[in-house]
Each structure stands twice: as structure tokens, then as C-alpha cells.
Amino acid sequence: MTTTFGNPGSTELPMLAEFPDDFRYVLGLQEAVAVGMADGFAQASGKPTHVNLHTAPGVGNGMGAIFNAQANHSPVLVTAGQQVRAHITMQANLTNRDATRVVHPFVKWSFEPPRAQDVPQALARAIHTASLAPRGPAFVSLPMDDWTEEADPESGHAVERTAEPRMGPDPAAIETLAQRLNAASNPVLVAGPDIDAAGAWEDAVALAERQKLPVFASPAPGGGRLGFPEGHPLFQGVLPPAIGPVTETLRGRDLILVIGSSVFPYYPYIPGPLLPEGASLVAITSDPDEAARAPMGDVILADPALALRALVAEVGEANRAEPEPLPEPSAGEESDPMTPTMVHNTLAQVFPEDGIVVLESPSSTLALRNQLRLSRPGSYYFGAGGGLGFGLAGAIGVQLAQPDRPVVCVLGEGSVQYAITGFWTAAAYDVPVTFLVLRNEEYSILKWFADIEEVKGAPGLDLPALEVAKVADAYGVASRQVKGRDELHEALTAAIGSSKPELVEVPVAPGMSLF
Ligand SMILES: Cc1ncc(C[n+]2csc(CCOP(=O)(O)OP(=O)(O)O)c2C)c(N)n1
């Protein structure tokens with residue numbers, strides 16, 4: 001861990017004193033951005049990542065992003081400065097009162113060391129906690145006078161130990177599952193985000209091909225990463241996110257195998273039976289909480305990669321008919337302004353083989369997935385928690401962790417606002433993300449939800465004249481406003497090829513785009 005994201009205050013300065021030359025500090029101008037960058041970096045590097053926040057108000061600003069990091073299963077070590085120990089009991093100014101309680105529901109562990117000498121061990125424990133399944137943020141509050149104390153000479157043991165995170169499945173459970181798969185007449189695989197995090201793409205493909213399984217991606221709102229190549233002939237699309245429609249989509253299946261996903265990240269509430277008639281469900285997850293809270297189905301608790309490898313070794317070649325592949329994506333009708341579908345179709349034409357998408361354009365999520373059909377591991381990051389702000393900030397972290405792969409961050413102009421100061425960090429640190437902003441002058445997805453929820457007359461859903469390109473320019477990110485397919489094609493090609501962060505803003509027709 002040699003990269004620290006953060007926003008400093010007086011309570012953090014002692015920690016940053018004599019900052020080592022072989023570490024790098026990446027400044028976020030607001031804590032939600034610092035945490036979002038750390039989240040993206042942690043996911044794209046696969047390594048625990050440090051973010052340092054300013055005592056109570058800084059932690060408060062970061063909370064939405066800590067919530068997102070938890071939903072993303074992102075191994076983030078969150079530290080925050082604290083008043084000097086002699087000041088805490090009298091609650092002097094800037095004391096982080098109940099420091100460990102505030103973040104509690106959004107982290108796996110929150111702690112303030114009882115003695116200065118315990119700081120190294122507390123940090124080591126937090127890093128291991130964040131890195132073990134299910135991965136997620138851990139928090140340590142650090143009184144600012146601890147940094148001048150001598151560490152316990154024995155603390156090196158705590159810091160140097162390793163904890164191998166992968167747990168294998170029960171072989172008997174895998175054998176039973178293999179028998180169920182072999183015996184099923186119409187099984188299906190639902191691939192979730194933790195397949196990507198576990199590095200298990202090839203294993204998921206091997207299982208699907210061997211068993212001729214049609215594959216769906218787990219529902220988009222909670223599917224922060226892709227668990228299966230979306231251009232593969234067995235890929236059948238993204239499951240809808242609500243109870244009734246999931247069951248409708250899976251009707252006729254007798255065995256539903258879910259790997260690396262909660263069952264399921266439902267939203268909105270559209271009731272219905274949890275399973276189609278005659279179907280049973282088995283989920284494989286490394287998260288005991290996901291295992292416990294699933295409303296139906298059996299669970300095997302294990303690392304998705306190890307479980308998939310064990311299963312592939314156990315199942316036979318199936319003799320089933322392969323499903324029809326999805327039809328080729330169509331760009332749809334020309335219009336002025338363009339549809340989001342046409343925008344993503346244009347992006348697909350210029351999108352590099354090794355490109356990465358970080359997505360936060362709520363009303364065009366499914367259109368982007370369908371048009372790009374990303375088919376390489378580690379190519380897609382989406383805020384699984386649903387809190388806006390992950391996209392812009394996370395993209396900067398992803399690009400810093402993957403400097404050799406071009407990152408395209410696709411944003412709605414509303415979503416941009418939750419992490420807008422991230423533009424400064426991208427410019428100041430020369431992080432060459434391409435930002436593509438879809439400008440529809442409204443919160444399109446909320447209008448769509450209003451229809452579903454039969455809400456009429458809700459205020460606050462329009463965004464007239466929100467000048468993202470001009471604001472990004474002011475932060476130092478070179479920006480262009482383009483219109484139509486040719487201009488967009490040309491601007492995206494230039495921005496993706498550039499070694500600097502650049503932004504392309506394009507007006508789009510409002511409304512939900514599903515394809
Ligand atoms: C932190 C946070 N606040 C509010 C919301 C509610 N919300 C969900 S989508 C959305 C609108 C996003 O607008 P925009 O990025 O322009 O995308 P569009 O819906 O137009 O595609 C809002 C406000 C949220 N998800 N997260």
C-alpha cells in the first residue's frame with residue numbers, strides 16, 4: 001500500500017509528516033471523492049487501498065462513498081484523524097465523538113486503538129479485515145498525538161503476517177451440485193460481480209461451455225462488475241432487477257445457479273413469486289451475509305474461483321441444445337439530439353480492445369451494456385450501492401490502478417455533480433480518463449421511476465442549463481461539446497488517444513434507454 005488518497009486537516013497533519021518519497025498522496029478536494037477514488041483503485045488493483053479523512057466532518061462527507069465501497073466489496077482502509085488523547089474526554093473542538101459508532105453500519109470493523117502503541121496492530125488488523133471475504137471497508141480512528149509515540153518493538157509481527165483470503169468449497173457440496181447440474185434439463189447460470197473480483201472469468205466460461213448453460217448477468221443495479229463475457233454466444237443478457245420480472249425471465253428453468261452475487265440485488269419492488277414453478281436455486285458466494293439473507297435457494301459458501309474450478313472438474317459435458325445468441329446490437333433511429341443508444345453505439349465503434357468503462361449514466365446503463373458487450377475481465381465498474389458519485393471519482397482510481405488501459409467514464413450530467421471536484425484531481429495528477437457526459441437536461445431515471453411508482457407532479461426532476469463541460473474546463477480538464485454521430489466519433493477517438501484527461505459532452509434525448 002504505497003498510494004494514499006485523502007483530504008487533510010490539522011488532525012491528519014502529524015500522520016502525513018515526513019511523507020515517504022516512495023509513497024504517493026492523491027489529494028481529493030472533498031472526502032466523498034477521496035473515498036470514491038480509493039474504492040475504484042482498490043477494485044481495479046485488487047489490493048487493499050488507504051484513504052485518510054479529516055476527523056468527524058470529513059468522515060461525514062465520506063459516508064455515502066463508504067456505503068458504496070461496502071456494496072462494491074471493495075477492500076478500503078479508511079483512517080481518520082482524531083483530537084489528541086488528552087482532549088477527547090473534554091470533547092475539545094474537532095473531537096470525533098463516538099468515532100467508531102458513526103461509520104459502524106457501513107464498515108466491517110471500526111476501531112480506535114486504546115494506546116498509541118496499538119496503532120500498527122490496529123492498522124494491520126483493519127487491512128486484513130478489509131481484504132478477507134467479503135471484502136469491504138474497515139475504519140481506524142487515529143488520535144493525532146499517537147504519531148510522536150514510539151511503536152511497541154514487537155508490533156512488527158502484527159504488520160508482517162499474511163492472511164490468505166480464499167476459502168475452498170466443501171467437496172461434498174460441490175459433488176451434490178454437480179449431480180444436480182448433470183440431472184437438470186434446463187439449467188441456467190447467473191454470473192455476478194464477484195466472479196470478476198475473484199479472477200474467475202475463465203472458470204465461469206469453462207463451466208458454461210461444458211454444461212451448455214445459458215448465462216445471464218445478475219441484475220444491473222447491484223452488478224458492479226461483470227462475471228461473464230457479454231459478447232459470448234451463451235450470454236443471454238442482464239436479468240431485470242425486480243422480483244416478479246426476474247422470475248418471469250427465468251420461467252421454464254429447473255435449476256438456477258448463481259455465482260458471485262447476492263440473490264438478488266432487487267430494485268424497484270415489483271412483487272411476484274421468488275422462483276418460477278419447478279425451479280430450484282443454488283448460490284455460490286464468499287459472503288456469509290449474502291448467504292444468510294437470501295430469501296430462497298441453497299448456498300455454498302466459498303471463493304467463486306475455487307468453487308468454479310472444483311465444479312468444472314466434477315461436472316460432465318452436457319448434451320443440451322445451445323441457446324440462441326442475442327441479436328447483434330442495433331444503433332436504432334437517427335434523431336436530434338441523438339438517443340443514448342446511438343451514443344453508446346458510437347462509443348462501441350471507437351472503444352479500444354483493452355478499454356475499461358466506469359459507468360454512472362442511470363437511464364442508459366442497459367443501453368451501454370448492450371451496445372458494448374464488454375468481454376474482457378476487469379473492464380467494467382459500476383457503483384453497486386446506488387449512491388451517485390462513485391462513477392467520476394471511481395474512474396480516477398481505476399485509471400491510477402490500471403495506467404496502461406484506457407478508461408472511459410460515462411456519466412449523466414446529474415451524476416457528475418456528486419463528485420465534481422474529482423475533475424481537479426484528474427487534471428492535477430494527469431490521470432488520462434476520457435469523460436463522456438450525456439446531457440439530457442433532467443433526472444431521466446427518476447421520471448421513469450415516477451411512472452412506475454405512479455407519482456405525479458414531483459418537483460426537482462429537471463436540470464436546465466447545467467454546464468458540465470465549462471465547469472470541467474475550469475477545473476483543468478479540456479472539454480468539448482459535440483453534436484451528432486460524426487462529431488462524437490471524432491471527439492471520442494481523440495480523447496481516448498490522448499494522454500491527458502479530456503471530456504466530451506453530448507446532448508441526448510431524455511428518457512430511459514433499454515437497448
Ligand atoms: C447520492 C445519491 N443521491 C441521489 C440519488 C438518486 N438518484 C438516482 S438516479 C438520479 C438522477 C441521475 O441523473 P443523471 O446522471 O443526469 O442521469 P439520468 O437519470 O438523466 O440518466 C438521482 C438523483 C442517488 N442515487 N444517489
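Worth knowing before you read on, the calculation uses all heavy atoms, side chains too, and leaves out hydrogens, waters and symmetry mates. These numbers come from a predicted model, not from an experiment. Counting convention: from 1, in listed order, for ligands and their atoms alike.
If you check which protein heavy atom lies closest to atom 17 (O) of ligand 1, you get P362 CD, 3.3 Å. G386 O, 2.8 Å is the protein heavy atom nearest to atom 25 (N) of ligand 1. Residue, atom and distance of the protein heavy atom nearest to atom 9 (S) of ligand 1 are I445 CG2, 3.3 Å. S363 OG, 2.5 Å is the protein heavy atom nearest to atom 21 (O) of ligand 1.
Classified by interplanar angle (parallel below 30°, tilted 30° to 60°, perpendicular above 60°), the ring pair Y475/F423 is tilted. Under the 30°/60° scheme for interplanar angles, the aromatic rings of F264 and Y266 are found to stand perpendicular.
The shortest heavy-atom distance from G64 to ligand 1 is not under 4.0 Å. The closest approach between G389 and ligand 1 stays at or above 4.0 Å for every heavy atom of the residue. Note on ligand 1: S364 sits outside its first shell, no heavy atom being nearer than 4.0 Å.
Here is the list of ligand 1 atoms found below 4.0 Å of a heavy atom in S415: 12 (C), 14 (P), 15 (O). Atoms of ligand 1 found under 4.0 Å from any heavy atom of G387 (numbered from 1 in listed order, with element): 26 (N). In summary, the atoms of ligand 1 found under 4.0 Å from a heavy atom of Y418, numbered by their order in the structure, are 1 (C), 2 (C), 3 (N), 4 (C), 23 (C). Listed by atom number, the atoms of ligand 1 under 4.0 Å from G414 heavy atoms are 13 (O), 14 (P), 15 (O), 16 (O).
A salt bridge is defined here as a Lys NZ or Arg NE, NH1 or NH2 lying under 4.0 Å from an Asp or Glu carboxylate O, and D462 with K447 meets this definition. No salt bridge links E505 with K470; every basic N to acidic carboxylate O contact stays at or beyond 4.0 Å. Between E490 and R485 there is no salt bridge, since no side-chain N of the basic residue sits under 4.0 Å from a carboxylate O of the acidic one. Between D289 and R293 a salt bridge is recorded (basic side-chain N to carboxylate O distance below 4.0 Å). For the pair K500 and D430, the salt-bridge criterion is met [side-chain N within less than 4.0 Å of a carboxylate O].
The aromatic ring centres of F41 and F5 sit less than 6.0 Å apart.
Residue N440 touches ligand 1 through its side chain alone, judged by heavy-atom distances below 4.0 Å.
For the pair E441 (side chain) and P464 (backbone), a donor-acceptor distance under 3.5 Å is absent.
By the 3.5 Å distance cut-off applied to N or O atoms, L446 is not counted among the residues near ligand 1. Between E442 and ligand 1, an N or O atom pair is found at a separation short of 3.5 Å. Checked by distance only, ligand 1 and L388 come closer than 3.5 Å through their nitrogen or oxygen atoms.
Counting heavy atoms only, Y443 comes closest to atom 11 (C) of ligand 1 of the residues W448, F449, Y443.
For R369 and Y380, the positive end sits near the middle of the six-membered ring, less than 6.0 Å away and at most 45° from its axis.
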